[in-house]
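Quick note on labels: first sequence line is chain A, next is B, and so on, each numbered from 1.
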There are 2 protein chains.
Amino acid sequence: MNARSTTPAPPAKAPHAHSSAWAADLLRAQIASGELLPGTKLSEQALAESLGLSRNTLRESFTLLDSELIITRIPNRGVFVASPDADDVREIYAVRRTIEPACLAWGPNVDLSALSAIIATARKAHAADDVAAMANANQEFHKQLVLTSGSSLLQELMGRVLARMRLVFHAMSDAPDFHSHYVEQNATLVELLSAGKRQEAAQTLRGYLDMAEAELLRHLADRA
Amino acid sequence: MNARSTTPAPPAKAPHAHSSAWAADLLRAQIASGELLPGTKLSEQALAESLGLSRNTLRESFTLLDSELIITRIPNRGVFVASPDADDVREIYAVRRTIEPACLAWGPNVDLSALSAIIATARKAHAADDVAAMANANQEFHKQLVLTSGSSLLQELMGRVLARMRLVFHAMSDAPDFHSHYVEQNATLVELLSAGKRQEAAQTLRGYLDMAEAELLRHLADRA
DNA sequence: CACCCCAGATTGTTGAACAATCTGAGAATT
DNA sequence: AATTCTCAGATTGTTCAACAATCTGGGGTG
């Protein structure tokens with residue numbers, strides 16, 4: 001009854017170099033990729049054993065991941081991969097609706113060519129029907145957008161928010177394709193930016209985010 | 001050679017209730033209040049002993065505080081109370097310049113009466129020459145501002161940023177009175193808000209933040 | 001059916017131990 | 001005298017084994 005059934009023997013192990021951070025990175029990646037699905041319980045004993053480190057060290061990793069909202073820690077019950085609900089979706093979009101338009105309107109470091117490049121990638125993925133690549137490009141677009149603010153703290157926050165978005169998608173993997181709609185919306189934003197209409201771009205983005213939130217909430221409600 | 005010389009005997013101790021979080025709260029409060037100054041080294045052994053808990057548990061607290069950027073952890077060297085420098089100030093203001101005007105311009109939950117109440121408090125403190133109370137009211141104002149976004153994540157981020165601001169002030173305690181200038185600026189913002197001129201309020205706030213950042217950086221450079 | 005109680009399992013915390021790394025001071029070298 | 005070397009002591013990183021506190025699930029009992 002291991003939390004992870006894929007590693008019978010201790011996997012590639014980092015003997016003495018920030019083991020707790022290393023484990024946190026590993027778990028973060030596995031959760032982001034969908035290898036560990038929302039709601040999965042992470043047993044301390046089993047995980048520590050399979051990762052080849054002690055419970056205490058693993059506990060430090062959990063403390064970190066908990067502060068990133070990637071896992072949920074219930075006292076005396078254990079840790080679980082976070083499974084965002086409707087309220088979390090609203091929280092996510094409240095953040096995005098604040099930060100992203102602000103970057104469009106006032107960010108000092110707009111990089112139009114980088115944004116255009118990402119859109120080109122997304123269009124290619126769309127043509128090839130590669131949903132995963134498209135989702136990736138979409139997230140990349142919004143990351144690049146926040147980079148505009150010149151703040152690594154905001155960048156981090158956005159990274160965490162987008163990680164939570166991925167959890168939402170993983171939790172409803174049978175949902176229709178959300179991402180294809182947004183490729184052209186992003187293109188519209190870049191056009192507005194190129195024309196110097198930054199306030200208008202910000203306003204437009206807010207509208208897009210409202211629509212996306214509503215669509216997600218609708219699908220979450222349907223399956224409840 | 002204790003890290004804290006004020007507690008000869010173990011202080012009020014919480015025997016069995018989330019000790020690591022409890023210790024983190026305590027340290028956070030002591031750092032915020034200036035009881036522990038930037039640059040202070042926090043020895044694991046000494047602190048664990050004086051707090052009445054084990055090194056392992058204290059270590060979890062450190063992991064948490066490190067993720068909040070309140071302490072700095074140097075591998076194999078130890079943990080220190082964070083001491084922000086000029087780059088950190090720029091980072092802080094990059095965040096504030098993004099989030100706060102966005103809340104003014106688009107936040108869905110403006111609470112004019114709450115903001116006015118805080119300004120009244122600040123003016124009273126100003127009249128009484130109570131710098132600490134004024135600084136407090138000023139931070140409260142900006143916290144309330146972010147509350148406007150309706151996002152607890154942003155609220156948290158703002159809390160951390162303001163905590164870092166306090167560290168900056170603690171690191172240059174002999175600096176002149178920064179806060180008194182800003183009381184009337186905040187009042188101006190509320191006036192613009194009441195008049196419904198939200199975009200103008202946002203733009204004005206951006207100007208204020210630019211000025212504040214420049215002033216802080218100037219004083220930091222002077223003492224370097 | 002509801003309630004109480006208990007054994008088993010899991011988490012929370014501890015203390016001691018060892019390995020790895022850093023610090024600082026004295027010795028050796030130039 | 002200044003610089004580099006070396007090494008013992010201290011501190012952090014990690015592990016291990018144990019115990020206390022709490023939760024889970026299943027029987028009995030009324």
Side-chain angles (χ1 to χ4, degrees), chain A residues 1-5 7 9-27 36 39-67 69-83, chain B residues 1-5 7 9-27 36 39-67 69-83:
Chain A
M1 291 303 178
N2 277 345
R4 298 193 61 247
S5 53
T7 54
K13 164 184 167 184
H16 272 289
H18 295 320
S19 304
S20 70
W22 171 79
D25 286 345
L26 190 81
L27 291 174
L36 289 170
T40 305
K41 170 159 190 183
L42 303 177
S43 151
E44 291 191 355
Q45 174 137 358
L47 244 190
E49 204 164 326
S50 88
L51 291 180
L53 31 85
S54 81
R55 270 182 65 213
N56 281 325
T57 305
L58 181 60
R59 248 158 167 291
E60 282 192 37
S61 310
F62 282 161
T63 303
L64 210 97
L65 295 175
D66 186 33
S67 82
L69 302 181
I70 290 176
I71 63 174
T72 302
R73 218 172 187 174
I74 306 179
N76 294 311
R77 292 272 314 266
V79 308
F80 305 81
V81 179
S83 54
Chain B
M1 291 302 183
N2 278 343
R4 300 192 60 246
S5 53
T7 55
K13 165 185 166 184
H16 271 288
H18 294 320
S19 304
S20 70
W22 171 79
D25 286 345
L26 190 80
L27 291 174
L36 290 170
T40 306
K41 171 161 188 182
L42 304 176
S43 151
E44 291 191 355
Q45 173 136 0
L47 243 190
E49 205 164 325
S50 88
L51 291 181
L53 33 83
S54 84
R55 238 172 27 104
N56 280 324
T57 305
L58 180 59
R59 240 151 174 293
E60 280 192 41
S61 311
F62 282 161
T63 304
L64 205 87
L65 296 175
D66 186 33
S67 81
L69 302 181
I70 289 175
I71 63 173
T72 302
R73 218 172 186 172
I74 306 178
N76 293 312
R77 292 272 314 266
V79 307
F80 306 81
V81 179
S83 53

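Protein atom NE2 of B:H18 is 10 Å distant from nucleotide atom P of D:dT22, rounded to whole Å. When rounded to the nearest whole Å, the span between CG of A:N56 and C1' of D:dG13 equals 12 Å. Between A:W22 atom CH2 and D:dG13 atom P there is a gap of 18 Å when expressed in whole angstrom units. Atom pair A:L53:CG and C:dA19:C1' shows a separation of 16 Å (rounding to whole Å applied). Rounded to an integer number of Å, the gap from B:F62 CZ to D:dT14 C1' is 16 Å. The distance between atom CG of A:L58 and atom C1' of D:dG13, rounded to the nearest whole Å, is 15 Å.
Judged as a salt bridge (charged side-chain N to carboxylate O under 4.0 Å, His left out), and not counting sequence neighbours, B:R77 has no contacts. Residues satisfying the side-chain contact (heavy atoms from CB on, under 4.5 Å) test with B:S83, not counting sequence neighbours, are B:P38. Residues satisfying the side-chain contact (heavy atoms from CB on, under 4.5 Å) criterion with B:I70, sequence neighbours excluded, are B:R28, B:I31, B:L65, B:E68. Residues passing the side chain to side chain donor-acceptor pair (under 3.5 Å) test with A:T63, sequence neighbours excluded: A:R73, B:E60. Contacts of A:T72 classified as side-chain contact (heavy atoms from CB on, under 4.5 Å), with partners at least two apart in sequence or in another chain: A:I74, A:A82.
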Could you pull out the protein-nucleic contacts involving nucleotides 5-11 of chain C (nitrogen or oxygen on both sides, under 3.5 Å)?
| residue | atom | partner | partner atom | Å |
| --- | --- | --- | --- | --- |
| C:dT11 | O3' | A:N76 | N | 3.4 |

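Between A:L27 and A:L36 the shortest side-chain heavy-atom distance falls below 4.5 Å.
Regarding contacts with the backbone of D:dT14, every side-chain N or O of A:T57 stays at 4.0 angstrom or more from both OP1 and OP2.
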